[in-house]
Amino acid sequence: MRKAVAFGTLLLTLAACSGGGSGQIKVTLVQGLAGEEFYETMACGAKAKAKELGVQLDVQGPQKFDPTLQTPIVNSVSAGKPDAMLIAPTDVKAMIAPLTQAKQQGIKIILVDTVVDDPSIGLSRISTDNEKGGAAAAKALAEQIGDKGKALVVSTDPGVSTVDARIKGFEQEIKANHPNISYVGVQYSHNDVGEASRIVNAALAKDPDLAGVFATNLNSATGAGTALQQAGKLGQVKMVGFDAGPAQVKQLKDGVVQALIAQLPGDIGAKGVEQAVNAVKGRQITPSIPTDATIVTKDNVDKPEVQKVLYKAGC
């Protein structure tokens with residue numbers, strides 16, 4: 001997303017210029033959520049790689065992470081008959097139809113960050129190993145809460161492949177290796193900060209002894225952190241967040257969040273451009289490219305190697 005934020009979405013279209021015989025590849029980058037730091041950082045990586053490869057890049061995006069808003073953008077870009085499309089679908093099922101139509105037009109499709117349930121869509125799939133990231137979040141939270149107590153997950157919406165995988169990894173790790181942690185389940189914020197805050201406020205009222213929260217994306221972590229601050233539970237209820245935007249880093253330094261799982265969206269954007277160009281030019285394509293994640297804590301956040309993985313609001 002993801003996510004996200006959660007987890008989120010990216011559409012990158014590559015097309016050969018129609019005039020002058022220059023052969024330059026045109027790129028349209030349609031983000032899943034305009035302005036969100038994860039997608040802005042991904043766009044920065046795509047822009048840098050596009051400049052390096054001599055590709056023309058345009059960036060646009062919807063105001064909400066929603067397949068009903070992404071679909072018309074996909075259809076509009078597809079109508080321009082690009083050679084390839086790089087997209088992070090906003091829903092594993094809802095985006096199959098518009099992407100199938102694009103594929104039927106001969107457009108080569110690369111999936112970035114998120115996927116769809118149809119394995120025939122996507123010559124290359126480039127994404128964080130989200131199950132592994134979810135398991136890492138479970139281990140980090142278990143350490144913070146002394147490996148016992150109640151733990152809640154706050155996510156975006158079911159049907160978003162990245163956050164679904166994070167939840168799966170978290171649940172499997174808790175079930176397999178942390179018998180003294182009582183998992184109270186997952187609740188969905190619809191990628192809305194205010195709703196995430198309301199969820200955590202309600203959870204604290206229901207379970208005053210709540211020990212920990214795992215927020216699966218940027219907006220969920222922001223809202224959950226606000227609720228903990230308002231309830232006076234900082235330091236009592238521990239939180240691990242996914243993603244590392246400026247708001248999350250501030251929460252980390254302020255002690256609202258104890259750990260962040262930072263993805264590498266810039267790398268995802270750059271690798272996506274590379275694979276799309278390979279597809280357009282008939283070169284070898286890598287079907288699956290997993291990207292890494294970094295655990296960020298208050299102790300390491302200021303180290304140069306960690307500063308490089310923090311998300312940016314712009315290039």
Quiz item: Sub-3.5 Å donor-acceptor pair from the side chain of S189 to the main-chain atoms of A196, do we have one?
Solution: no
Quiz prompt | E195 with R198: basic N within carboxylate O range, under 4.0 Å | solution = yes
Exercise. Answer yes or no: is there a side-chain heavy-atom contact under 4.5 Å between S124 and I126?
Key: yes
Quiz item: Looking at side-chain heavy atoms only, is the closest gap between Q263 and D113 below 4.5 Å?
Solution: yes
Practice problem: Determine whether I181 and I261 fall in the same hydrophobic cluster, where Ile, Leu, Val, Met, Phe, Trp and Tyr are linked whenever their side-chain heavy atoms lie under 4.5 Å apart. | Solution: yes
Exercise. Write down the atom of T114, the atom of P89, and the distance for their closest heavy-atom approach.
Key: OG1-O, 2.6 Å
Practice problem: Evaluate the side-chain proximity of K206 to V184: yes if any heavy-atom separation is below 4.5 Å, no if none is. | Solution: no
Practice problem: Please examine the side chains of V237 and V213, heavy atoms only from C-beta on, and report whether any two atoms are closer than 4.5 Å. | Solution: yes
Quiz item: For the atom pair OG1 (T100) and CD1 (I121), what is the distance rounded to the nearest 0.5 Å?
Solution: 3.5 Å
Self-check item: Co-membership, hydrophobic cluster, residues I295 and V257, 4.5 Å side-chain
Solution: no
Quiz item: Between K108 and D83, is there a salt bridge with N-O shorter than 4.0 Å?
Solution: no
Exercise. Sequence neighbours left out, what passes side-chain hydrogen bond (donor to acceptor under 3.5 Å, both in side chains) with D147? Give chain and number order.
Key: H178
Exercise. Please list all pairs passing the ring pair (Phe, Tyr, Trp, His ring centres under 6.0 Å) test where one or both residues lie in residues 283-315, with sequence neighbours left out.
Key: F38-Y311
Quiz item: Heavy atoms, side chains only, cut-off 4.5 Å: are M95 and T71 in contact?
Solution: yes
Exercise. Test salt bridge (Lys or Arg N to Asp or Glu O under 4.0 Å) on D164 and K168 and set out the steps.
Key: CA-CA 6 Å; D164 284 350; K168 181 179 179 181; over 6 Å; no
Quiz item: Any sub-3.5 Å donor-acceptor pair from N219's side-chain atoms to V193's backbone N or O?
Solution: no
Quiz item: Between V186 and V154, is any pair of side-chain heavy atoms under 4.5 Å apart?
Solution: no
Self-check item: Check: E37 side chain, A313 main-chain N or O, donor-acceptor pair, under 3.5 Å
Solution: no
Quiz item: For the hydrophobic clusters of this structure (ILVMFWY residues joined by side-chain heavy atoms under 4.5 Å, transitively), does one cluster hold both V92 and V74?
Solution: no
Quiz item: Judged by atom type as modelled, is there a donor-acceptor pair below 3.5 Å linking the side chain of D129 to the main-chain atoms of K132?
Solution: yes
Quiz item: Could you give all pairs that pass the disulfide bond (SG atoms under 2.5 Å apart) test and reach residues 40-89, with sequence neighbours left out?
Solution: C44-C315
Exercise. Using the ring pair (Phe, Tyr, Trp, His ring centres under 6.0 Å) rule, collect all pairs that involve residues 196-220, keeping only residues at least two apart or in two chains.
Key: F170-F214
Exercise. Please check if any side-chain donor atom of Q24 sits under 3.5 Å from a side-chain acceptor atom of Q56, or the reverse.
Key: yes
Self-check item: Flag, side chain of D91 to backbone of P158, donor-acceptor distance under 3.5 Å
Solution: no
Quiz item: Roughly how far, to the nearest 0.5 Å, is the OG1 atom of T222 from the CG atom of D192?
Solution: 11.0 Å
Self-check item: Residue pair Y183, K175: steps toward the side chain to side chain contact (heavy atoms under 4.5 Å, CB included) verdict
Solution: CA-CA 8 Å; Y183 176 50; K175 182 178 179 180; over 6 Å; no
Quiz item: Between I107 and P82, which heavy-atom pair has the shortest distance, and what is it?
Solution: CG1-O, 3.3 Å
Quiz item: How about T68 and D66: does a side-chain donor come under 3.5 Å of a side-chain acceptor?
Solution: yes
Quiz item: Below 4.5 Å, heavy atoms only, C-beta onward: do E131 and Q172 meet side chain to side chain?
Solution: yes
Practice problem: To the nearest 0.5 angstrom, please state how far the CD1 atom of I199 sits from the OG atom of S220. | Solution: 7.5 Å
Exercise. Return yes if some donor-acceptor pair links the side-chain N/O of T90 with the main-chain N/O of F65 below 3.5 Å, else return no.
Key: no
Self-check item: Minimum side-chain heavy-atom gap K150-D209 below 4.5 Å
Solution: yes
Kindly list each side-chain donor-acceptor pair under 3.5 angstrom involving residues 264-282, sequence neighbours excluded, with atom names and distances?
from: E274; atom 1: OE2; to: K49; atom 2: NZ; distance (Å): 3.0
from: Q275; atom 1: OE1; to: T286; atom 2: N; distance (Å): 2.8
from: N278; atom 1: ND2; to: E274; atom 2: O; distance (Å): 3.4
from: N278; atom 1: ND2; to: Q284; atom 2: O; distance (Å): 3.4

Quiz item: Between the main-chain N or O of S78 and the side-chain N or O of K81, is there a donor-acceptor pair closer than 3.5 Å?
Solution: no
Self-check item: G35 backbone acceptor or donor facing E40 side chain under 3.5 Å
Solution: yes
Practice problem: Starting from the C-alpha separation in whole Å, work towards a yes-or-no answer on side chain to side chain contact (heavy atoms under 4.5 Å, CB included) for L99 and V116. | Solution: CA-CA 9 Å; L99 290 176; V116 290; 4.1 Å; yes
Self-check item: Spatial distance of atom CZ (R125) from atom CD1 (I109) [nearest 0.5 Å]
Solution: 10.5 Å
Self-check item: ILVMFWY cluster, L152 and L234 together (side-chain gap under 4.5 Å)
Solution: yes
Quiz item: Should L141 and L260 be regarded as members of a common hydrophobic cluster, given that ILVMFWY residues are connected when their side-chain heavy atoms come within less than 4.5 Å of each other, either directly or indirectly?
Solution: no
Practice problem: Give a yes or no on whether the backbone of L69 and the side-chain of Q63 come within a donor-acceptor separation of less than 3.5 Å. | Solution: no
Quiz item: In terms of side-chain heavy atoms, does S197 have a donor or acceptor partner in T226 at a distance below 3.5 Å?
Solution: no
Quiz item: Taking only residues two or more places apart in sequence or in another chain, which ones pass side-chain hydrogen bond (donor to acceptor under 3.5 Å, both in side chains) with S182?
Solution: none
Quiz item: Salt bridge or not for K93 and D118, using N-O below 4.0 Å?
Solution: no
Quiz item: For residues Q187 and S155, is any side-chain donor paired with an opposing acceptor at under 3.5 Å?
Solution: no
Quiz item: Counting heavy atoms not belonging to Q236, are there more than 12 under 6.0 Å from its CD?
Solution: yes
Quiz item: How far does CE of M85 sit from CG of L123, to the nearest 0.5 angstrom?
Solution: 12.0 Å
Quiz prompt | Test log, rule side chain to side chain contact (heavy atoms under 4.5 Å, CB included), inputs T216 and I167 | solution = CA-CA 7 Å; T216 66; I167 296 166; 4.0 Å; yes
Quiz item: Roughly how far, to the nearest 0.5 Å, is NZ of K238 from CD1 of I145?
Solution: 10.0 Å
